[in-house]
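Scroll down for the structure; my scribbles are underneath it.
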Amino acid sequence: MRSTASLTAHSFVGQCFSPGQATGQDVLVELVPGSLVVCLPDGQRLTAPLSEVQLSRGGFNAQQWQFSWRHEGGQWMIALSDLNAQQRLRSKPPVGLEKQLAALSKVQRKANWVVRIGWSVLVLVILTPLILLGLLWWQADRIASWATDRITVEQEAALGQAVFEAQKSHLRLIEQSPLQAPLEEMGQRLTKGSAYRYQWYLTDDPAINAFAIPGGIVVVNSGLVKASSSPEELAGVLAHEVQHVEQRHSLKGMVQNLGLAAIAHFALGDYSGSLPAQMATELADLKFSRDHERDADNKGFDTLLKADINPQGMVSMFEKLDQASGSAPPALLSSHPDTQERIAHLRSRLAGLQARKFTPLPYPWPKLKQSLAK
């Protein structure tokens with residue numbers, strides 16, 4: 001493959017997702033007048049007319065560009081995450097993509113405006129009183145912990161909804177799916193008695209991932225469903241993500257990453273520069289600590305037991321993802337470190353269950369997974 005240094009303005013390295021493929025492969029992409037050419041790993045070149053290629057933004061933080069088209073009855077997609085490559089294409093649009101690139105830039109400006117408004121509301125409702133009281137403390141980490149404890153569930157839900165609404169237009173949400181009812185049923189069992197009112201969404205995204213937004217919004221990628229062999233495996237991931245909400249791991253991490261300087265900027269009404277976008281990215285790219293991951297594992301395991309869902313699914317799903325990760329781990333594992341150590345701990349907990357019997361989840365999983373291919 002051509003080195004990154006030798007790439008032209010109209011060529012880049014992206015991830016190619018072909019029909020039925022859950023993970024992407026790095027490929028060289030060249031945009032020539034009127035066509036998109038993909039240099040596949042086997043040496044073949046796949047050409048798609050730019051008139052049939054749809055350019056959109058994707059990923060949780062909407063920083064990824066996605067080139068989608070149909071070929072021989074199947075859906076193909078190239079994901080471009082390299083911001084430098086995106087800038088090259090913006091500064092010198094390829095022939096045939098000028099209008100789509102212009103529309104994409106317009107959507108980006110609108111999204112930035114929505115995010116700016118959302119963070120302004122957040123400052124007025126939450127952060128302004130917190131910074132005034134937080135000045136009594138000497139250390140930033142103590143301020144973050146103190147601030148999180150004073151954010152009510154209602155405020156957290158409002159924050160989560162604002163973040164979700166800002167990203168909603170960039171998610172390919174799947175509506176009226178046969179999987180929606182099973183997803184919500186499993187979710188209800190895993191969140192019984194919770195103070196949060198959970199919302200469950202499916203999105204057409206091949207990445208093996210699911211994420212929970214503070215306040216109880218859980219988004220599940222189609223790639224994760226396809227990678228699961230049973231509803232119990234999906235439930236194991238859901239139980240883990242739910243506990244990040246219940247224990248407020250996401251909220252605490254976000255507040256701590258903001259830092260005293262960022263909170264002061266907002267308290268003073270300073271919205272200049274890229275600070276709002278950086279803070280949104282902090283939430284999207286949040287990496288949980290080892291303690292938070294273990295906490296979510298253990299409490300998620302306990303929740304599965306209370307819901308009479310076999311926790312073997314959690315273990316087998318983590319094992320499957322760990323074995324398939326290689327040098328490019330799925331998104332679910334890239335944000336969740338120390339996977340093998342955590343799997344060993346969960347195995348030991350499984351061994352302690354002895355011969356307990358669990359009622360299998362009553363869902364025709366192969367048929368439900370097949371519905372995603374339609």
Side-chain angles (χ1 to χ4, degrees), residues 20 22 174 176-194 196 198-212 216 218-246 293-325 330 332-333 336 339-340 342-374:
I174 303 174
Q176 299 180 342
S177 168
L179 269 161
Q180 187 64 38
L183 176 62
E184 293 181 359
E185 289 170 7
M186 286 189 285
Q188 289 171 2
R189 290 175 66 169
L190 294 170
T191 59
K192 185 177 181 180
S194 173
Y196 297 95
Y198 279 81
Q199 302 175 52
W200 307 89
Y201 294 93
L202 281 167
T203 182
D204 182 12
D205 191 324
I208 303 176
N209 198 19
F211 57 88
V218 181
V219 180
V220 179
N221 287 0
S222 59
L224 177 63
V225 177
K226 292 177 181 179
S228 65
S229 300
S230 68
E232 284 79 6
E233 287 191 346
L234 179 60
V237 176
L238 297 180
H240 178 94
E241 294 299 326
V242 160
Q243 288 306 313
H244 282 313
V245 174
E246 294 293 323
E293 289 296 354
R294 287 176 175 171
D295 194 30
D297 287 344
N298 284 320
K299 288 186 170 65
F301 193 99
D302 293 338
T303 301
L304 290 167
L305 294 179
K306 292 178 182 177
D308 191 33
I309 298 176
N310 194 342
Q312 173 62 52
M314 172 186 276
V315 180
S316 61
M317 190 63 178
F318 284 1
E319 289 176 333
K320 180 185 302 182
L321 296 177
D322 184 51
Q323 292 170 1
S325 62
L332 186 63
L333 291 188
H336 297 144
T339 306
Q340 293 184 356
R342 290 163 50 211
I343 290 173
H345 174 68
L346 291 174
R347 282 202 200 105
S348 67
R349 290 203 63 183
L350 270 179
L353 294 179
Q354 298 178 351
R356 175 172 171 177
K357 301 295 183 181
F358 295 89
T359 304
L361 292 173
Y363 307 122
W365 207 240
K367 182 178 180 181
L368 290 173
K369 289 171 60 176
Q370 184 62 31
S371 70
L372 292 176
K374 298 179 181 179

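These values consider heavy atoms only, across backbone and side chains, with no hydrogens, waters or symmetry-generated copies. All of these numbers come straight from a predicted model, not from anything done at the bench.
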*Scan side-chain atoms only and decide if Asn298 and His345 contain a donor-acceptor pair under the 3.5 Å cut-off.*
yes
*Any ion pair linking Lys357 and Asp308 (charged N to carboxylate O, less than 4.0 Å)?*
no
_Keeping Asp205 on the side-chain end and Ala207 on the backbone end, is there a donor-acceptor pair under 3.5 Å?_
yes
*Any donor and acceptor pair, going by atom type alone, linking the side chain of Lys369 with main-chain N or O of Lys226 inside 3.5 Å?*
yes
*Once you round to the nearest 0.5 Å, how far does CG of Asn310 lie from CG of Leu304?*
8.5 Å
*Grab the two heavy atoms, one from Gly300 and one from Met314, that are nearest each other, plus how far apart they are.*
C-CE, 3.9 Å
*Is it true that the side chains of Gln176 and Gln180 contain a donor and an acceptor less than 3.5 Å apart?*
no
*Would you find a donor on one side and an acceptor on the other, under 3.5 Å apart, between the side chain of Thr191 and the backbone of Ser194?*
no
*Answer whether the closest heavy-atom distance between the side chains of Lys306 and Arg189 falls below 4.5 Å.*
no
*Spatial distance of atom CG (Leu346) from atom CE (Met317) [nearest 0.5 Å]*: 14.0 Å
*Hey, does Leu361 have a side-chain heavy atom less than 4.5 Å from the side chain of Ile309?*
yes
*Determine yes or no for a side-chain-to-main-chain donor-acceptor pair under 3.5 angstrom, with Glu241 supplying the side chain and Val237 the backbone.*
no
*Using the six-membered ring wherever Trp is involved, compare the ring planes of Trp365 and Tyr363 and label them parallel, tilted or perpendicular (cut-offs 30° and 60°).*
tilted
*To the nearest 0.5 Å, how far apart are CG in Leu179 and CD in Glu184?*
11.0 Å
*Examine the side chains of Ser228 and Lys320 and answer whether a donor and an acceptor come within less than 3.5 Å of each other.*
no
*asked:* Can you tell me how far apart CZ (Phe358) and CD (Glu232) are? Round to the nearest 0.5 Å.
replied: 10.0 Å
*asked:* Determine whether Arg342 and Glu293 satisfy the following criterion, salt bridge (Lys or Arg N to Asp or Glu O under 4.0 Å), listing intermediate values before the conclusion.
replied: CA-CA 8 Å; Arg342 290 163 50 211; Glu293 289 296 354; 3.7 Å; yes
*Can you name the closest pair of heavy atoms from Ser371 and Ser177 and give their distance?*
OG-OG, 4.5 Å
*Looking at CD1 of Ile174 and CG of Leu202, how far apart are the two atoms once the value is rounded to the nearest 0.5 Å?*
5.5 Å
*What distance separates Phe301 CZ from Leu353 CG, expressed to the nearest 0.5 Å?*
4.5 Å
*asked:* When you compare the side chain of Leu224 with that of Asn209, does any pair of heavy atoms fall below 4.5 Å?
replied: no
*Does some side-chain heavy atom of Thr303 sit less than 4.5 Å from a side-chain heavy atom of Val242?*
no
